[in-house]
Amino acid sequence: MGQNAEDVNEDGRGGTRAPSHALQACLRHTWHTRPWALAIAEQQLREYASFPPGRLRLRLGEFYPVPDVGLPETRTQDWLLQLADQVRHSVDSGQVPVPSVPRTHWEWQARFPELAQFLAGWFSQDMVDEFPDHEAAVSHYEATTDRALVARLVGEVAELLALDLEETDYVLGLAELGLEVDPPAPLSAGAWLEAVMGRLGRPRPKYGPSLTGE
């Protein structure tokens with residue numbers, strides 16, 4: 001996730017403070033999407049810490065290497081076990097984190113996957129070379145994307161707007177999701193999201209003869 005191991009003390013062992021931003025993001029997202037996966041994550045963390053894979057197994061792709069979290073290799077095992085303890089505590093206590101503003105790039109992408117696809121695919125820096133304006137890009141997305149995915153995008157935009165962020169936070173969030181161009185003038189980022197939701201949320205007209213032949 002590109003985050004440091006904030007919840008580890010100088011002696012390499014976890015302290016009593018709250019989990020790091022990265023782990024909080026993981027717990028928050030997983031509790032609301034795949035709560036059963038938390039028990040699996042705890043088990044895998046303990047197994048990885050107790051039986052770290054060798055270079056061959058890493059090279060063969062059987063395991064992912066531990067990312068650089070700002071700790072020396074000698075302290076990685078304690079950090080993994082601390083993560084496992086914190087996941088276990090979350091499960092045992094039943095403390096489900098409330099949905100809130102994503103804190104990491106990973107959480108933005110995991111929580112709003114279709115919005116990320118929409119922004120990165122249609123509103124990158126190449127948009128100006130592919131479409132005459134924002135409306136044309138939205139129309140192209142609608143015409144070439146399955147209706148179920150369009151409906152998912154509308155739901156994700158509604159969920160993002162429900163966070164009721166400050167305008168600067170919308171700008172930062174959309175950048176995390178892949179937006180590389182400014183919203184169309186004179187709309188702000190939040191107002192443009194509302195316009196996109198309204199545009200794509202309208203029922204599509206059905207063409208062709210009806211079943212009654214009328």
### Query
Do the non-hydrogen side-chain atoms of Leu163 and Pro102 ever get within less than 4.5 Å of each other?
yes

### Query
Counting distance only, does the side-chain N/O of Glu167 pair as donor-acceptor with the main-chain N or O of Ala189 below 3.5 Å?
yes

### Query
Does Glu114 reach the main-chain N or O of Arg152 with its side chain, forming a donor-acceptor pair under 3.5 Å?
no

### Message
Is it the case that over 12 heavy atoms from other parts of the model lie below 6.0 angstrom from the CZ atom of Arg34?
### Response
no

### Task
Carefully, step by step, assess Glu130 and His140 under the rule side chain to side chain contact (heavy atoms under 4.5 Å, CB included).
CA-CA 10 Å; Glu130 298 176 356; His140 184 270; over 6 Å; no

#### Entry: same_hphob_cluster(Leu172, Val101) at 4.5 Å side-chain heavy-atom cutoff
no

## Note on the structure
When every non-hydrogen atom of Pro183 is compared with those of Ser188, the smallest separation belongs to CB-O, 4.1 Å

### Task
Nearest 0.5 Å please: distance from the CD atom of Gln82 over to the CD atom of Gln77.
13.0 Å

### Query
Under 3.5 Å, side chain of Gln24 to main-chain N/O of Pro19, donor-acceptor pair present?
yes

### Query
Does some side-chain heavy atom of Glu107 sit less than 4.5 Å from a side-chain heavy atom of His21?
no

### Message
If we ignore hydrogens and angles and just use 3.5 Å, is the side chain of Glu176 paired with the main-chain N or O of Trp108 as donor and acceptor?
### Response
no

#### Entry: Separation between CG of Leu177 and CG of Leu115, rounded to the nearest 0.5 Å
5.0 Å

### Message
Looking at every heavy atom in both Leu161 and Leu193, which two are closest together, and how far apart are they?
### Response
CD2-CB, 4.0 Å

### Message
If I take atom CD from residue Gln109 and atom NE2 from residue His29, how far apart are they, to the nearest 0.5 angstrom?
### Response
11.0 Å

### Task
May I have all residue pairs that pass side chain to side chain donor-acceptor pair (under 3.5 Å) and include part of residues 36-47, sequence neighbours excluded?
Glu42-Arg46, Glu42-Arg88, Gln43-Glu47, Arg46-Asp85

### Query
Considering only heavy atoms from C-beta outward, does the side chain of Leu153 approach that of Leu200 to under 4.5 Å?
yes

### Task
Determine the minimum heavy-atom distance between Ser124 and Ala120, stating which atoms define it.
CB-O, 3.6 Å

### Query
If every non-hydrogen atom of Thr30 is compared with every non-hydrogen atom of Cys26, which pair is closest and at what distance?
OG1-O, 2.7 Å

### Query
What about Met197 and Val171, same hydrophobic cluster or not, with Ile/Leu/Val/Met/Phe/Trp/Tyr joined at side-chain heavy-atom distances under 4.5 Å?
no

### Message
So which atom in Gly201 and which in Val154 form the shortest heavy-atom distance, rounded to 0.1 Å?
### Response
N-CG2, 3.9 Å

### Message
Would you compute the distance between atom CZ of Phe131 and atom CG of Asp126 and round it to the nearest 0.5 angstrom?
### Response
10.0 Å

### Query
Parallel, tilted or perpendicular: which describes the rings of Phe118 and Trp192, with under 30° parallel and over 60° perpendicular?
parallel

### Message
Do Leu174 and Phe123 have side chains that approach each other closer than 4.5 Å (heavy atoms only, starting at C-beta)?
### Response
no

### Query
Can you tell which of Thr144, Val138, Val181, Leu179 makes a side chain to side chain contact (heavy atoms under 4.5 Å, CB included) with Trp122?
Thr144

### Task
Measure the spacing between CG of Leu81 and OG of Ser50 and express it to the nearest 0.5 Å.
6.0 Å

### Query
Of the non-hydrogen atoms in Gln86 and Leu23, which two are nearest, and what is the gap between them?
OE1-CD2, 3.1 Å

### Set of salt bridge (Lys or Arg N to Asp or Glu O under 4.0 Å) partners for Glu159, sequence neighbours left out
Arg111

### Expected output: side-chain Ser93 to main-chain Ser90 donor-acceptor under 3.5 Å
yes

### Message
Atom CG of residue position Asp133 - does it have more than 12 heavy atoms of other residues, nucleotides or ligands inside 6.0 Å?
### Response
yes

### Query
For Val96, does its backbone N or O pair with a side-chain atom of His32 as donor and acceptor, under 3.5 Å?
no

